[in-house]
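Working notes, beginning with the structure itself.
All residue numbers in this chain count up from 1 along the given sequence.
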Amino acid sequence: MDLLKRMIGLLPSASILFSAALCVIIPMCFYWVSNRMRRHDPPWKQEMPEDECSQTMLPAGSSNDQYEE
């Protein structure tokens, strides 16, 4: 019983535990809402696959005929 009382004494107060829980729950809610909203993005706003992106991205001021595939 003495060990249990000592362990309970080491726990932080309820307000600190509540604040720590909110620090986890609030960002998770923002992440969840953001993912739900991004499901309905228009096609032009969705990310391109990596293999297509590497073929279309060229340095500024360059043209396609300078690079061979």
Under the side chain to side chain donor-acceptor pair (under 3.5 Å) definition, can you give me all pairs with a residue in residues 10-23, not counting sequence neighbours?
Ser13-Ser15
State which residues pass side chain to side chain contact (heavy atoms under 4.5 Å, CB included) with Arg36; sequence neighbours excluded, sorted by chain then number.
Trp32, Arg39
The criterion is side chain to side chain contact (heavy atoms under 4.5 Å, CB included); which residues satisfy it with Pro27, sequence neighbours excluded?
none
Contacts of type side chain to side chain donor-acceptor pair (under 3.5 Å), residue Ser34, not counting sequence neighbours:
none
Other than [X], what residues sit in its cluster of Ile, Leu, Val, Met, Phe, Trp and Tyr side chains whose heavy atoms are under 4.5 Å apart, directly or through others?
{"X": "Leu22", "value": "Phe18, Ile26, Phe30"}
{"X": "Leu11", "value": "none"}
{"X": "Ile16", "value": "none"}
{"X": "Met1", "value": "Leu4, Ile8"}

With salt bridge (Lys or Arg N to Asp or Glu O under 4.0 Å) as the rule and sequence neighbours excluded, what pairs involving residues 7-21 come up?
none
Listing request: all salt bridge (Lys or Arg N to Asp or Glu O under 4.0 Å) pairs with a residue in residues 2-12, at least two apart in sequence or in separate chains.
none
